[in-house]
Amino acid sequence: MSVQERIQQRLAALAPESLEILDESGQHVGHAGARSGGGHYQLIIVSRLFNGKPLPARHRMVYEALGPMMQHEIHALAIKAYAPDEI
C-alpha cells in the first residue's frame, strides 16, 4: 500500500466529504527529510467534523488521525482543512 493510500485510510476517521492528497516529494529531492525517507505532502480535506473548530484544532485532528506516520513516512505536510460550508 502506498503512503498516499495509507494517509487516505487513516484520515477516513475524520469522515471526509472530500480529500485530495498531493505528493510533492519530488520537489524536495536532497532535502534532509527526503533522505531519511519521509515524504512531502499537501492535503486538502473537507469534513463536517471541522464545523466550528479553529484552524489549529483542525490541524491537530489531522495529525492525531495520521499518528505515527508523522514520525516516519511524512516529513512535511501542508494542510488545508475546511468545513463543508466554507468551500
Side-chain angles (χ1 to χ4, degrees):
M1 179 181 304
S2 73
V3 172
Q4 286 177 280
E5 290 169 331
R6 290 191 57 216
I7 291 171
Q8 184 174 4
Q9 185 178 50
R10 293 192 69 94
L11 291 177
L14 298 177
E17 292 184 11
S18 175
L19 178 62
E20 186 175 353
I21 305 163
L22 304 171
D23 185 348
E24 299 177 334
S25 300
Q27 299 172 22
H28 301 275
V29 173
H31 184 269
R35 285 193 299 271
S36 66
H40 289 69
Y41 298 91
Q42 183 179 144
L43 172 68
I44 303 167
I45 182 170
V46 178
S47 173
R48 292 191 186 282
L49 297 178
F50 296 147
N51 283 334
K53 300 225 179 356
L55 190 58
R58 295 174 187 194
H59 284 209
R60 280 192 301 275
M61 292 169 71
V62 169
Y63 292 136
E64 288 172 11
L66 293 173
M69 290 188 75
M70 293 301 303
Q71 304 301 315
H72 302 287
E73 292 103 331
I74 301 170
H75 173 72
L77 182 64
I79 302 170
K80 294 181 182 177
Y82 303 102
D85 64 343
E86 297 172 337
I87 55 171

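- In this structure, CE on Met70 lies 10.5 Å from CD on Glu73, to the nearest 0.5 angstrom.
- Tyr82 and Phe50 make their closest contact through O-CD1, 3.3 Å (heavy atoms, listed as atom of the first residue, atom of the second, distance).
- Lys80 has its side chain within reach of Gln42: a pair of non-hydrogen atoms, C-beta onward, lies under 4.5 Å apart.
- Across every non-hydrogen atom of Leu66 and Arg10, the tightest pair is O-NE, 3.1 Å.
- A heavy-atom distance below 4.5 Å is not found between the side chains of Ile79 and Ile44.
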Subject >> Worked check of side-chain contact (heavy atoms from CB on, under 4.5 Å) between Val3 and Asp23 >> reply: CA-CA 9 Å; Val3 172; Asp23 185 348; over 6 Å; no
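- Note that CD1 of Ile21 is 8.5 Å distant from CD1 of Ile45, once rounded to the nearest 0.5 Å.
- Annotation for Pro84 and Ser47: closest pair CD-O, 3.5 Å, computed over non-hydrogen atoms.
- In this structure, Ser25 and Gly39 approach most closely via the heavy-atom pair OG-CA, 3.3 Å.
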**OP:** I would like to know whether Leu77 and Val62 meet side-chain contact (heavy atoms from CB on, under 4.5 Å); could you show each step before the answer?
**Re:** CA-CA 10 Å; Leu77 182 64; Val62 169; 4.1 Å; yes
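- In this structure, Glu20 and Leu22 have side chains that are in contact, with non-hydrogen atoms separated by less than 4.5 Å.
- No salt bridge links Lys53 with Glu86; every basic N to acidic carboxylate O contact stays at or beyond 4.0 Å.
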**OP:** Could you walk me through whether Glu24 and Tyr41 pass side-chain contact (heavy atoms from CB on, under 4.5 Å), step by step?
**Re:** CA-CA 5 Å; Glu24 299 177 334; Tyr41 298 91; over 6 Å; no
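- The closest side-chain heavy-atom distance from Leu49 to Met61 is below 4.5 Å.
- Of all heavy-atom pairs between Leu55 and Ala81, the closest is CD1-O, 4.4 Å.
- Counting all heavy atoms, side chain and backbone alike, Met69 lies closest to Ile7 at CE-CG1, 3.7 Å.
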